[in-house]
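Quick note: numbers below take in every heavy atom, side chains included, and nothing from hydrogens, waters or symmetry partners.
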Amino acid sequence: MSSNMSTIERRRFDTLIIGAGGGGLRASLQLAEADLSVAVVSKVFPTRSHTVAAQGGMNAALANVSPDNWHWHMFDTVKGSDYLGDQDAIEYMCRAAPKAVYELEHFGVPFSRLDNGKIYQRAFGGQSQNFGGAQAARTCAAADRTGHAILHSLYQQNIRAKTHFFDEYFAVDLLKDDDGHVLGALVFNIQDGQIVVIEAKTTLIATGGAGQIFKTTTNALINTGDGMGMAMRAGIPLQDMEFFQFHPTGIAGRGMLITEGARGEGGYLVNADGERLMERYAPKAKDLASRDVVSRAIAIEIREGRGCGPKKDHVLLKLDHLGEEVIQKRLPGIRQTCITFLGIDPAEAPIPVFPTAHYTMGGIPTNRHGQVVVPVKNTPEEPVQGLYAAGECACVSVHGGNRLGGNSLLDILVFGRAAAKHIIEYLQENKYHRVLSDEVIDKLVEKVNRYDQAAAGNDTSEAETVAGLRAELKQVMEDHCGVFRNKDVLQEGIDKVEQLASRMANVKIGDQSQVFNTAKVEAFELENLMAVALATIHSAHAREESRGAHSRIDFPERDDIAWMRHSLYSYENGLDYKPVRTKPLSVEAFPPKPRVY
Amino acid sequence: MKFRIYRYNPEKDAKPYMQDFELNSVEPGTMLLAALLRIKDEQDETLSFRRSCGEGVCGSDGMNINGVNGLACVTSLAGLRQPIEIKPLPGQPVIRDLIIDMDQFYKQYRAVKPYLIVNDPMPEVELLQTPEQREQLDGLYECILCACCSTSCPSFWWNPDKFLGPAALLQASRFIEDSRDQALEKRLEDLEGPFKLFRCHTIMNCVEVCPKGLNPTRAIGRIKHKMVTRSL
């Protein structure tokens, strides 16, 4: 039965959270403990969220292993971002990091331990002592299953706090009134197809990244950029979408992630000549240079014919010299993954790796309180009332042009918490639900029912399939928006993505059931992928410089005069720009410098 | 390559049936999940199953494969007898096709209070735990809640509401063994009685099917041992 107005269930909460990964669950915990009514909507059971797959760890200057302080961490993060990160947000995050880790530990996260009983910290890429000095060990780890340990502990704490979960509900779109206030979201229950209007005084988007726009990705199938798509359809631009991180060590051809912790524990990359290739590209940091640097190095080695294997299409990650004991103790998860998917035990043989789409640095623009901000007239960052975003779907921006390994778990926890804190304050000032008109709901209901109706037509000759369009989109993004980019290839890519997006109107699905209709879910997900892909490739085409993960062969240098600014892409206005917030909260700014590792 | 897949849509089907599918040119090294995704994309969009990470970490795609519970994403097609028979995890209500209703499973998980309980004021830094104390949690904390174990357990099939099942008991053990937890007595007390824990008859199906190589039977044994030493 298709839903119509008379049958629609309406639920009211103080606050709605869309997404139950680490960011959403950290926020929901804070809010539930503040005695607010919280609804968490997630298209999968919370522990299936992609935070579960994070491996290596979470950065915080605890100084358990090497001398450390938050200011050094801040320097590394600003440098890692290639000076596109906002320094107020970065200072806030790095200062908050130790507390965020201790909180997690108190929630029960089974961190690995040092002999003195403190939390184990490992070396990770781009982490230094004393503003660019010796390698720092700053990354707090639970073996190589840190994300799993954190996500499960957060879900468990939410069980204790009695958070209200809507498991396996799909959020379609935000509800927004004429004044631009966000009043909740329209969702449907995947299990029975029933539409539910969730009214909320505040809505937090915490839907994670969009790695599924690429063919080969470390990301889960659920990482379809749903929140980013929702934001774009609500007229909110996406920020810095051209900055997509390619992780240096995805399993070649398959995409499974091999943590940077493998190199942090002493592993290194070799080319076909058996040469330790990173010594040439980053003489000091070598294999622990930042990810964009290592990914480019691998791509160049392969392009210049020094790739390994019969097709010379990958390099090798060598771990066997670490010995079986270290590998089993510190890297048991990736060992299992290699055995399962490659039949290779890294304790005996090297792992074939290739740079693989991994992380969306860009996203929904927010300030450091998690409020979604948009340009209004001459103000670059005006909060959208009632709307927040945190985690990979958001762009605070603490990662700028390139995220450091170990900073994404930190980001979701610090800003999930910061958003919750601000929501609590906001709700003290805004005690009542605003009026939600039937027209706002009507329009969206029509949209949810679209695929039921589309399928009812007889003419299927012109029909497009979700699987067909999705496969084409992923291939186009892989071919036209990869590690190295140039104007012509990007322009061709734009034309192709726009053509694919226009074909969305002809999508018909062959499943009209209301019961667990995954074909319908995939159709909505594809709409979101299209939106994210458009924003990504348009932003990449426009940025005529090389910075962080965005490498233009035709513009190989960073251009701080013309391009030290954030991109904003929206359906309504195309591309727009706003300045980087270079002023930290309390310390001196780190001015842009050449980036050498 | 031939597949026989359990189909059931409560809106149309009076009862479940098995449907045959065939895939050509399957590359060596392909996992079952990739095959199912291809069948859904190329042949039948209505085929329904849960999936997410595709690498055995999220626990979404537990199913019964040639009579054995496992995760589709880490089950290689190479070792499987054809036609590969795929059914939902047994013993629980089926929502549609390979998707089971996991409410009972999650309810039992929640019943063991699967969260750290510390009554003392928290320090401003981490609670200390030696590597040896932390090691006690290895083999317990890695559970991904895929339900392969509990749905392979005859005791859970007969008493899903009373016997907690291997997954929930593994979680119970994870907190009982945590040196930081301060609710040991209460946790053990809560597991007393003929059903919650003691319906485990050490059939050990759970150990055989766990895709993470965990051993719920041993965890249950550890709890029993703790109960006995406490009563002495």
Checked B:Ile144, B:Asp181, B:Asp138 vs chain A; the most non-hydrogen pairs under 4.5 Å come from B:Ile144

Measure across B:Tyr141 and A:Ala142 and return the closest heavy-atom pair with its distance rounded to 0.1 Å. OH-O, 4.3 Å

Main-chain N/O of A:Arg113 paired with B:Arg134 side-chain donor or acceptor, under 3.5 Å: no

Tell me the closest heavy-atom pair linking A:Asp511 and B:Arg96, and the distance in Å. OD2-NH2, 2.9 Å

How about B:Leu145 and A:His152: do any of their side-chain heavy atoms sit closer than 4.5 Å? yes

Taken in chain and number order and not counting sequence neighbours, the residues that satisfy ring pair (Phe, Tyr, Trp, His ring centres under 6.0 Å) with A:Tyr155 are A:Phe45, A:Phe165

To the nearest 0.5 Å, tell me how far A:Glu168 CD sits from B:Met102 CE. 8.5 Å

For chain B, find which of A:Asn116, A:Thr337, A:Leu221, A:Ile222 contributes the most heavy-atom pairs closer than 4.5 angstrom. A:Leu221

Mind ranking B:Asp97, B:Ile117, B:Val74, B:Leu127 by heavy-atom pairs under 4.5 Å with chain A and telling me who comes out on top? B:Leu127

More than 12 heavy atoms of other residues, nucleotides or ligands under 6.0 Å from NZ of A:Lys474: yes or no? yes

With a 4.5 Å heavy-atom cut-off, do A:Pro110 and B:Gln129 have their side chains touching? no

Interface residues of residues 38-47 of chain B facing chain A - non-hydrogen atoms under 4.5 Å apart: B:Lys40, B:Asp41, B:Glu45, B:Thr46, B:Leu47

Pair count under 4.5 Å, heavy atoms only, with chain B: among A:Thr47, A:Leu151, A:Val466, A:Ile119, highest is A:Ile119

Segment of A:Leu257 engaging chain B (4.5 angstrom heavy-atom cut-off): backbone

Is it the backbone or the side chain of A:Val44 that comes under 4.5 Å from a heavy atom of chain B, or both, or neither? neither

So which part of A:Leu114 gets closer than 4.5 Å to some heavy atom of chain B, the side chain, the backbone, both or neither? backbone

Chain A shares the most heavy-atom pairs under 4.5 Å, among B:Thr75, B:Ile95, B:Thr130, with B:Ile95

Is it the case that more than 12 heavy atoms not belonging to A:Asp115 sit under 6.0 Å from its CG atom? no

Find the distance between CD (A:Glu105) and CG (B:Leu116) and round it off to the nearest 0.5 Å. 8.0 Å

Under 4.5 Å from a heavy atom of chain B, the part of A:Val521 involved: neither

The reported gap from CD in A:Gln157 to OH in B:Tyr115 (rounded to nearest 0.5 angstrom) is 8.5 Å

Side chains of A:Gln156 and B:Gln171 in contact at under 4.5 Å (non-hydrogen atoms): yes

Please rank A:Gln191, A:His50, A:Lys329, A:Lys99 by heavy-atom pairs under 4.5 Å with chain B and give me the top one. A:Gln191

Quick one: what part of B:Val118 sits under 4.5 Å from any heavy atom of chain A, side chain, backbone, both or neither? neither

Holding to side-chain contact (heavy atoms from CB on, under 4.5 Å), I want the full list of residues that pass it with B:Ser60, two or more places apart in sequence or in another chain. A:Arg48, B:Arg50, B:Ser52, B:Cys58

Specify which of B:Gly56, B:Pro123, B:Cys146 makes the most heavy-atom pairs with chain A at under 4.5 Å. B:Pro123

Can you tell which part of B:Ile99 gets under 4.5 Å to a heavy atom of chain A, answering side chain, backbone, both or neither? side chain

Spacing of OG belonging to B:Ser48 relative to CG belonging to A:Asn517, to within rounding of 0.5 Å: 7.0 Å

So, the part of B:Leu137 with a heavy atom under 4.5 Å from chain A: the answer is side chain

Residues A:Ile159 and B:Tyr109: closest non-hydrogen pair is CD1-CE2, 3.7 Å

Please classify the contact between A:His106 and chain B as side chain, backbone, both or neither, with a heavy-atom cut-off of under 4.5 Å. both

Proximity breakdown for B:Phe49 and chain A, heavy-atom pairs closer than 4.5 Å: backbone

Distance check, rounded to the nearest 0.5 Å: A:His148 atom NE2 versus B:Cys143 atom SG? 6.5 Å

What closest approach, in Å, do B:Glu126 and A:Asn64 show between heavy atoms, and which atom pair accounts for it? OE2-ND2, 3.0 Å

Crowded around B:Arg187 CZ? As in, over 12 foreign heavy atoms under 6.0 Å? yes

So, taking the atom named CZ in A:Phe516 and the one named CG in B:Leu98, what distance separates them when rounded to the nearest 0.5 Å? 11.5 Å

Contacting region of B:Glu142 [heavy-atom separation from chain A under 4.5 Å]: both

With a strict 4.5 Å heavy-atom criterion, list every residue of residues 21-31 of chain B that contacts chain A, or say none. B:Gly29, B:Met31

Residue A:Glu522 versus chain B: region with a heavy atom under 4.5 Å: side chain

Among A:Ala519, A:Ser112, A:Ser513, single out the residue with the greatest number of heavy-atom pairs under 4.5 Å to chain B. A:Ser513

So which part of A:Glu103 gets closer than 4.5 Å to some heavy atom of chain B, the side chain, the backbone, both or neither? neither

Sort B:Pro10 into side chain, backbone, both or neither according to what part of it lies under 4.5 angstrom from a heavy atom of chain A. side chain

